J.: 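One structure follows; several queries about it will come next.
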Amino acid sequence: GTRDIVSVEAGSINIGQFLTRGVDLEAVYDIPGKGAHFITLSPDESKLFASNKESAAQVFDTASRKFIAAIPAMKDAPGTGNGSGFEGLTPTPNGNRLLIIDNDQSNLHVIDAKTYKEVDRIALEGAAMTSPKKTRLIKLMFSPDGKTLVATSYGAGQAWVIDASDYRKQKLLAVAKGPQGVAFDPNGKSVIVSSHDSALLTRVDLVTGKPVATYDGGEGIEALAFY
């Protein structure tokens with residue numbers, strides 16, 4: 001059989017299928033808003049969530065192939081520029097919540113995945129103040145066991161190891177310039193963070209939240225995974 005492949009490019013969601021000769025593009029759906037950057041799939045594959053750098057995030061129903069809701073951007077954010085929207089986002093492992101980071105204050109917004117309403121908002125402790133007119137690019141990823149959330153801030157050179165049972169329990173660490181990619185070691189004890197701008201991979205202990213090793217990874221790494 002085949003599986004759908006989904007990508008975001010030039011403000012659109014592209015849906016197609018992997019075939020032996022390559023990818024067969026089925027349809028393109030324009031994402032409402034401005035500055036579409038990331039998409040993520042709900043655990044039950046019924047919804048796609050898309051973040052916009054300069055406007056509200058969007059909810060796409062995969063069955064009807066329609067955008068069905070918007071998650072409003074920060075009211076107190078700048079009216080233009082990256083600070084008026086969101087970037088990093090991820091559903092919780094059980095699918096009940098969507099976590100999304102705003103580009104204004106670098107706050108973590110907890111969204112009910114059924115009503116699309118905000119139920120909590122948590123500051124990332126010690127987040128460096130960077131220009132909201134430029135991308136802050138904070139990414140989010142849960143560990144495979146769902147116990148840990150890791151956030152990386154490209155603009156600040158920071159990362160957080162967060163207790164997934166209480167998002168206010170955070171361990172902040174400094175990493176090399178431009179962190180983006182996150183990959184959890186299958187042993188469950190550490191995570192690798194890739195720094196796009198500095199060609200460095202940093203291994204972080206999940207218990208202490210401290211760097212324990214670095215490796216030469218090559219420049220430009222935005223995503224990585226163990227296999």
Side-chain angles (χ1 to χ4, degrees), residues 2-18 22-93 95-119 121 130-142 151-155 180-182 196 220 222-223:
T2 59
R3 292 279 292 175
D4 284 343
I5 178 173
V6 180
S7 65
V8 59
E9 183 178 3
S12 299
I13 289 177
N14 304 323
I15 298 179
Q17 291 187 335
F18 278 118
V23 175
D24 181 23
L25 186 62
E26 292 180 359
V28 177
Y29 303 91
D30 292 335
I31 300 172
K34 185 177 181 182
H37 198 181
F38 294 121
I39 55 174
T40 188
L41 184 66
S42 63
D44 64 3
E45 301 186 357
S46 67
K47 303 292 187 297
L48 281 168
F49 301 99
S51 65
N52 280 311
K53 294 181 184 180
E54 300 182 47
S55 60
Q58 300 291 324
V59 183
F60 182 83
D61 183 84
T62 58
S64 65
R65 301 284 181 96
K66 294 180 179 179
F67 288 95
I68 59 171
I71 299 169
M74 299 263 305
K75 292 180 180 179
D76 53 351
T80 60
N82 290 322
S84 58
F86 304 99
E87 285 197 80
L89 72 171
T90 184
T92 55
N96 292 337
R97 298 286 188 263
L98 173 73
L99 305 184
I100 189 166
I101 292 279
D102 71 67
N103 264 334
D104 180 45
Q105 299 294 322
S106 299
N107 286 329
L108 178 68
H109 300 251
V110 182
I111 309 297
D112 185 291
K114 292 184 179 179
T115 65
Y116 313 118
K117 303 295 184 182
E118 182 178 298
V119 296
R121 185 184 302 182
T130 58
S131 173
K133 294 182 179 180
K134 294 185 178 180
T135 182
R136 287 176 167 171
L137 190 50
I138 297 179
K139 288 186 172 182
L140 301 168
M141 182 175 287
F142 279 99
T152 60
S153 174
Y154 173 83
Q180 286 205 40
V182 174
H196 176 280
E222 297 188 10

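Remember, it's a predicted structure, so these values are computed and weren't measured experimentally.
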J.: Between CD1 of I111 and CD1 of I71, what distance do you get to the nearest 0.5 Å?
T.: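 Atom-to-atom, I111:CD1 and I71:CD1 are 5.0 Å apart.
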J.: Taking all heavy atoms of A56 and all of P72, pick out the closest pair and write down the distance.
T.: CB-CA, 3.9 Å
J.: So, do I101 and N107 sit near enough that their side-chain heavy atoms are less than 4.5 Å apart?
T.: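 Counting from C-beta outward, I101 and N107 never come under 4.5 Å.
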J.: What residues form a side-chain hydrogen bond (donor to acceptor under 3.5 Å, both in side chains) with T92, not counting sequence neighbours?
T.: N94
J.: Any chance you could measure L99, atom CG, to L108, atom CG, to the nearest 0.5 Å?
T.: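 The CG atom of L108 is 5.0 Å from CG of L99, to the nearest 0.5 Å.
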J.: Is the closest side-chain heavy-atom distance between K53 and E87 below 4.5 Å?
T.: yes
J.: Return the minimal non-hydrogen interatomic distance between K47 and L41, and the atom names on each side.
T.: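 Minimum heavy-atom contact is O-CD1, 3.3 Å.
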J.: With sequence neighbours excluded, what pairs up with A223 under the side chain to side chain contact (heavy atoms under 4.5 Å, CB included) test?
T.: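 A223 satisfies side chain to side chain contact (heavy atoms under 4.5 Å, CB included) with no residue once adjacent residues are dropped.
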J.: Check whether any side-chain heavy atom of M141 lies under 4.5 Å from a side-chain heavy atom of T152, and answer yes or no.
T.: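 The answer is no, as the side chains (C-beta and beyond) never meet within the 4.5 Å cut-off.
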J.: Test of understanding: with side chain to side chain contact (heavy atoms under 4.5 Å, CB included), list the residues that count as partners of P32, not counting sequence neighbours.
T.: Q58, F67
J.: If you compare all heavy atoms of D102 against all heavy atoms of H109, which two are closest, and at what distance to 0.1 Å?
T.: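 Shortest heavy-atom contact: OD2-NE2, 2.6 Å.
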J.: Testing the basics here: between H37 and L137, what is the closest heavy-atom pair and its distance to 0.1 Å?
T.: CE1-CD1, 3.7 Å
J.: Partners of T40 by side chain to side chain contact (heavy atoms under 4.5 Å, CB included), sequence neighbours excluded?
T.: F49, L89, P91, L98
J.: With the side chain counted from C-beta on, respond yes when V182 and K139 share a heavy-atom pair under 4.5 Å apart, and no when they do not.
T.: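 A side-chain contact is absent here, since even the closest heavy-atom pair is not under 4.5 Å.
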J.: Looking at E26 and I15, would you say the former's side chain and the latter's main chain have a donor-acceptor pair under 3.5 Å?
T.: no
J.: Is a side-chain N or O of D112 found less than 3.5 angstrom from the main chain of K114, in a donor-acceptor match?
T.: yes
J.: Can you name the closest pair of heavy atoms from S51 and A57 and give their distance?
T.: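 Smallest heavy-atom distance, with atoms named: CA-CB, 4.3 Å.
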J.: In chain order, what residues pass the side chain to side chain contact (heavy atoms under 4.5 Å, CB included) check against S106, with sequence neighbours excluded?
T.: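 Residues passing side chain to side chain contact (heavy atoms under 4.5 Å, CB included) with S106: A127, R136, I138.
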J.: Can you tell me if T90 uses its side chain to pair, donor with acceptor, with the backbone of L140 under 3.5 Å?
T.: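 No, because the side chain of T90 does not come within donor-acceptor range (under 3.5 Å) of the backbone of L140.
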J.: For residues F38 and G88, report the shortest heavy-atom separation together with the two atoms involved.
T.: CD1-N, 4.1 Å
J.: Got a sec, which residues hit ring-ring contact (aromatic ring centres under 6.0 Å, His included) with Y29, two or more places apart in sequence or on another chain?
T.: F60
